[in-house]
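Just so it is clear, the structure is predicted and the values come from calculations on it, not from any experiment.
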Amino acid sequence: MFKKKTLFFLFYILTTFLLLTYQGVKGPIEPFYYINYPLNYINETVSFTFNKIKEYLKTSTVIREENERVKEELRTLKIKHQLYEEVLKENERLKELLSFKDSVINYVTTAKVIAGNPNNWNYTLTLDKGSLDGIKKDMAVNTLNGLAGKILYVNRHYSTVLLITDPNSSVAVRQRESRINGILSGKGMYKCELKYIPNDEDVEIGEELITSGLDSLYPSGIPVGRIKSVRKGTGDFFQTISVEPYIDPLTLEEVMILRNDREDE
Amino acid sequence: MIEKMSRVKRFFLWFSIVTVVVLADTHINIAGFKPNLAFILVYYIAVSKEPAKALPLVAIIGLILDSISSKIIGPNILSKGLVVISTSFIKSGVLIWTPMFSSLLGFVLTVIDGFVVYSSLVVFSTIPSELRYALYVILIQAIINSTVIFSLKIRK
């Protein structure tokens, strides 16, 4: 019995190792990603329901508070005013998005973030739009604050964004003032590093980084982040530069998908 | 109670539980950290079920978690499987399964789970984050999980 159990365990571990080794050599097996397809539907429904409940709770709380303080008419007016403010804010946000959309020639679509990642080791987000909306692999994902990442994987209705903070992410960037080119790599834990800047170059803390477009993936000129710290090692050829990205993956709600330069050609 | 249910009912019950846990893991953030609630479900399965039944179940949970990442498939399957295997060896011992013991075991196994996922990514994919941050995250998750396991009084 014990031997049988041990053999079963060994078989399990060996199969998993073979699966990992295969992917280590050949790359990820994409058909497996379809497993999360139904989960994405549920995720979208959950997000929608939670937002509705949140909205409902917000509204009912406001009504209760108002009921204690003012008369019926005043209360209705205040609620109307609140709704008006909400619409106004939404209007402002959408206007901002629209003006951005008009100024960006590579605009494809705007999508909502429906889920993050369930663990701390992968820095990806799921969007509510997919290939049916014109999204393709490797398209740039932008926000009003700055670059978010690129499309890692896309199916008909959903797509996955690889954030710039993921260690698998590399973005060709340029410093806005000094025009020095470099590569921005993700470091995990919502951090980034600017690579390949020689020791003799002067890099200022706080300087803004923008995409250079040299990688033909991201359109040029998109703000990415600011230089947080610079360290010059004595024996090193390149500087160690820590970058604080503009995006906060935990608060991202809407993103904009941009066609890359390669597809424009 | 679950054992008395019909196969179809049991399937839907497990499906719902797994979905809720994975969704919770996807949406919940505690000070910027994902709490790894899927581990608590895996731990419950490992403790309450025979390894032959527990392993396929946790493999499915691992597969779902890996597929959501849209990256390499396997790290979570391996780590969750190892939780079942370790628990099976501990279960067969003479140790008295008190809530405190269960909580401590949960702590240790969360660390193992996190470390296996991290090292699988390091070996077969890319380094997901600096080791010190990884250790910090794993430690936070272990504290959260052991507290939850203690309050749920999960025992064999």
Should the heavy atoms of other residues, nucleotides or ligands under 6.0 Å from [atom1] of [X] be counted, would the total exceed 12?
X	atom1	result
A/Ile42	CD1	yes
B/Phe115	CZ	no
B/Phe101	CZ	yes
A/Phe17	CZ	no
A/Lys232	NZ	yes

Checklist entry - Distance-only, no hydrogens or angles: does the A/Asp215 side chain make a donor-acceptor pair with backbone N or O of A/Ala172 under 3.5 Å? => result yes
### Message
Please check this pair: side chain of A/Asp166 against backbone of A/Asn168, looking for a donor-acceptor N/O pair closer than 3.5 Å.
### Response
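Yes, because the side chain of A/Asp166 sits within donor-acceptor range (under 3.5 Å) of the backbone of A/Asn168.
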Toward chain B, the part of [X] with a non-hydrogen atom under 4.5 Å:
X	value
A/Leu10	neither
A/Thr21	both
A/Phe9	both
A/Leu20	both

What residue in [options] has the most heavy-atom pairs under 4.5 Å with chain A?
options	result
B/Ala52, B/Gly62, B/Ala24	B/Ala52
B/Leu121, B/Ile77, B/Val117	B/Ile77
B/Ile73, B/Thr126, B/Leu78	B/Ile73
B/Ser88, B/Pro75, B/Ser120, B/Ala38	B/Ser88
B/Ile138, B/Leu63, B/Ile85	B/Ile85

Query - Any donor-acceptor N or O pair under 3.5 Å, side chains B/Ser102, B/Tyr43 - result: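 Per modelled atom types, B/Ser102 and B/Tyr43 side chains form a pair under 3.5 Å.
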Among A/Gly186, A/Pro249, A/Gly188, A/Pro167, the residue with the most heavy-atom pairs under 4.5 Å to chain B is A/Pro167
query: Is chain A contacted by the side chain of B/Asp66, its backbone, both, or neither, given a heavy-atom distance below 4.5 Å?
result: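 Neither part.
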Which bit of B/Ala134 comes within less than 4.5 Å of chain A, counting heavy atoms only: side chain, backbone, both or neither?
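For B/Ala134, the contact with chain A is made by backbone and side chain together.
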